[in-house]
Amino acid sequence: MDFNGSNPFPEGVISFLDTDLYKLTMQCAVLKYFANVKVSYAFHNRTPEKKLSRAAFKWLQIQINKLGNIALSNDELRFLQTTCTYLTKPYLDFLKEFRLNPREQVEASFTPETDTGSDDDIGEFCLIVKGKWVETILYEIPLLALTSEAYFRFMDTDWTYDGQEEKAYAKGMVLLEAGCVVSEFGTRRRRDYHTQALVFRGLAKAKKEGERTGMPGKVSGTSNVHLAMRFGIPPIGTVAHEWFMGVAAITGDYNKATSLALSYWIGCFGEGVLGIALTDTFGTPVFLKAFKEPIPALETLQPGALSKDVETAEVPSSKPLDQSNSKPKTFADVFMGVRQDSGDPANFVKMMRDFYDEQGITEKKTIVFSDSLNIELCLEYKKISDAAGFNTSFGVGTFLTNDFVHQKTGEKSTPLNIVIKLDSANGNPAIKISDNIGKNTGDKATVEKVKNELGYVERAWAQGDEAHRWDPKK
C-alpha cells in the first residue's frame with residue numbers, strides 16, 4: 001500500500017482492522033459474558049450546522065453497505081494472534097467467521113431541509129444500529145469515519161493532502177522534545193484513511209528521529225489496528241464508555257455497575273492486562289468509589305445469573321481475588337492507571353492524587369489524557385501531572401487526523417464533532433453522564449434518575465463546549 005504523494009487512498013473502509021483496538025477488546029469481553037444481549041446505538045452530531053447533501057448521503061449509504069463485504073484476512077488474523085496476545089482463542093475463532101450485516105443492522109435516513117429531489121438538497125441525517133451486542137459493536141468506528149469522509153468529500157472540499165505528513169512530523173517532534181508519550185487516536189473523526197496514514201507516517205518519522213537523538217518523549221503507537229499492522233507496531237487501547245454503559249443497562253444496578261464492569265474486564269483479560277481504566281462514564285467520583293473496592297473472584301454459575309435473557313457463565317462473588325500486603329487487592333491496586341476523557345484535567349489530576357494517597361498506593365500510576373488534545377494542552381497537562389507525581393500519556397486524535405485549512409482563505413477547515421453511543425442494552429436505556437454536561441448521552445429521564453440515584457453533582461467546565469471544540473481561536 002503506497003502512502004506516498006498526495007493521491008487519495010481508496011475511498012471508504014477497506015480492511016476489517018481499520019478500527020480502534022478497544023472495539024476488539026470489548027467485543028472479546030462481550031462474547032465471553034453477554035453474547036446474546038441485544039442492543040441499539042444512536043448517532044449524535046454535536047455540530048448540527050454541518051449537514052450532508054443528498055449526494056453525500058448516497059455515497060455514505062453505499063460505503064456502509066460495503067462493510068458487509070469485509071472479512072478478517074489470514075494475515076490480519078496472524079497479526080492479532082502474535083501481537084494482541086490478550087485476545088482469547090475463542091474470540092479469534094469467532095472473528096474468523098464474523099461478518100457485519102449492515103443491510104439488516106444499520107438504518108440510515110436523510111431529511112432534506114427543502115426536498116426538491118436533487119442531489120444538491122442539504123439536510124440532516126441519522127444513523128441507528130440494532131442487533132446483538134457482539135455483532136454490532138464494531139460499527140461505531142467505521143460509521144463515524146465514513147460520515148466524516150462523506151462531509152469532506154462532498155461538503156467542505158477546498159483542501160488538499162499537501163503537507164499533512166510534514167505537519168504531523170513537526171507536531172510529533174515538539175511533543176517528543178517535551179518528553180510526552182503520545183499515541184495517535186484519530187480514526188473516528190479523520191478526514192479519510194489516506195490522511196490518517198500520512199499522519200502516522202509523519203509520527204513514525206518523528207519517532208525514529210527522536211530515538212536517534214535521544215529525545216525524552218515517545219511515540220507509543222496508534223489506536224488503529226490496521227495502521228499498526230502496516231507499520232509493524234502494537235496497537236494502543238483498552239476500553240471505552242460503552243463497556244460500562246452496557247453492563248449498567250443490562251443489570252439495571254448503577255450503584256454496582258462500575259465494579260461489575262471492572263470485574264468482568266479482569267475476568268476476561270487477567271490482572272494487569274489492558275490496565276488503563278476509564279473513569280467518567282457515570283462521573284469520576286462514582287467511579288472512584290468502585291475503584292477502591294476489593295477485586296471479587298469470578299465464580300461459574302448457570303447462564304442468566306445476572307437477569308432474564310442475559311447469558312453469562314461467570315458473575316463476581318464476594319470472595320477476594322488476591323491479597324497485597326495482607327489486605328485484599330483493589331481495582332486501584334492492579335490497574336496501572338486511568339484515562340481522563342471529560343471535565344477539567346487539572347481538577348482530575350488533583351482528585352486522582354488525593355485518591356491514591358488516601359488508599360495508601362505508593363506505586364507511580366499513569367494518567368492517559370484523551371479529550372480533544374492539541375500540543376499546548378498536552379504540555380500543560382504533562383506539567384500538572386508531573387508535579388503531582390504521575391506518569392502521563394496522551395491519546396491525540398482529531399488534532400492530528402483532521403487538521404486542515406481552506407486553500408482559498410487559509411482559515412481552518414473545522415472537523416465534525418460526531419459520536420455514536422450505545423443507546424440501549426437488554427431492552428433498557430443506556431446512558432453516559434461523564435464529567436462534563438456537554439457529553440451526557442442517552443434517555444434524559446434515565447440520566448436524571450441515575451444522577452439522583454448516584455448523588456451525581458453537575459459540573460461545568462469553561463472549555464467543555466462540545467459544539468465548538470475545534471473552532472479556531474479568536
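In this chain, residues are counted from 1 in sequence order.
You'll find the side chain of Pro112 reaches within 4.5 Å of the side chain of Arg54, heavy atoms only. Counting only heavy atoms from C-beta outward, the side chains of Leu77 and Leu95 never approach each other to under 4.5 Å. Between Lys451 and Val447, some side-chain heavy-atom pair lies under the 4.5 Å cut-off. Between Phe335 and Thr366 there is no side-chain heavy-atom pair separated by less than 4.5 Å.
Scanning for ring-ring contact (aromatic ring centres under 6.0 Å, His included) contacts around Tyr86 gives an empty result, with sequence neighbours left out. Scanning for ring-ring contact (aromatic ring centres under 6.0 Å, His included) contacts around Phe331 gives an empty result, with sequence neighbours left out. Contacts of Glu211 classified as salt bridge (Lys or Arg N to Asp or Glu O under 4.0 Å), with partners at least two apart in sequence or in another chain: Lys207. Legend: residues meeting ring-ring contact (aromatic ring centres under 6.0 Å, His included) with Phe287, ordered by chain and number and at least two apart, are Phe291. Listed by chain and residue number, Thr446 satisfy the side-chain hydrogen bond (donor to acceptor under 3.5 Å, both in side chains) test with Asp443 (two or more places apart in sequence, or in another chain).
Relative orientation of the Phe369 and Phe394 rings is parallel, given thresholds of 30° and 60° on the angle between their planes.
Results of the side chain to side chain donor-acceptor pair (under 3.5 Å) test with Asp20 over Thr187, Thr25, Asn224 single out Thr187 as the only residue that passes.
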Evaluation steps, side-chain contact (heavy atoms from CB on, under 4.5 Å), between Trp59 and Ile62: CA-CA 5 Å; Trp59 179 90; Ile62 292 171; 5.7 Å; no
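No donor-acceptor pair closer than 3.5 Å links the side chain of Ser424 to the backbone N or O of Pro429. Here the side chain of Arg188 pairs no donor or acceptor atom with the backbone of Ala145 at under 3.5 angstrom. Counting only distance, with no hydrogens or angles, the side chain of Glu184 and the backbone of Gly395 share no donor-acceptor pair below 3.5 Å. The main-chain N or O of Lys256 is found under 3.5 Å from a side-chain atom of Asp253 such that the two form a donor-acceptor pair. Of the possible donor and acceptor atoms, one in the side chain of Asp121 sits under 3.5 Å from a partner among the backbone N and O of Gly117. A donor-acceptor pair under 3.5 Å links the side-chain atoms of Thr251 to the main chain of Val247, judged by distance alone. In this structure, the side chain of Ser53 engages the main chain of Ala56 through a donor-acceptor pair within 3.5 Å.
Between Asp119 and Lys58 there is a salt bridge, since a side-chain N of the basic residue sits under 4.0 Å from a carboxylate O of the acidic one. Ion pairing between Lys167 and Glu165 fails under the 4.0 Å rule for side-chain N and carboxylate O. One finds a salt bridge joining Lys171 and Asp403 here, because a Lys/Arg side-chain nitrogen approaches an Asp/Glu carboxylate oxygen to under 4.0 Å. In summary, Lys421 and Glu140 do not engage in a salt bridge, as defined by a charged side-chain N under 4.0 Å from a carboxylate O.
Judged by the 6.0 Å and 45° rule, Arg201 forms no cation-pi pair with Phe231.
For Glu124, the CD atom is loosely surrounded, since the number of other residues' heavy atoms within 6.0 Å does not exceed 12.
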In residues 125-134, what donor-acceptor pairs under 3.5 Å come from side-chain atoms, sequence neighbours left out?
| unit_1 | atom_1 | unit_2 | atom_2 | d |
| --- | --- | --- | --- | --- |
| Lys132 | NZ | Asn36 | OD1 | 3.2 |
| Trp133 | NE1 | Tyr41 | OH | 3.3 |
| Trp133 | NE1 | Glu242 | OE2 | 2.8 |

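No close placement of the Phe16 and His226 rings is indicated, their centers lying 6.0 Å or farther apart. For Phe152 and Phe404, the gap between ring centers reaches or exceeds 6.0 Å.
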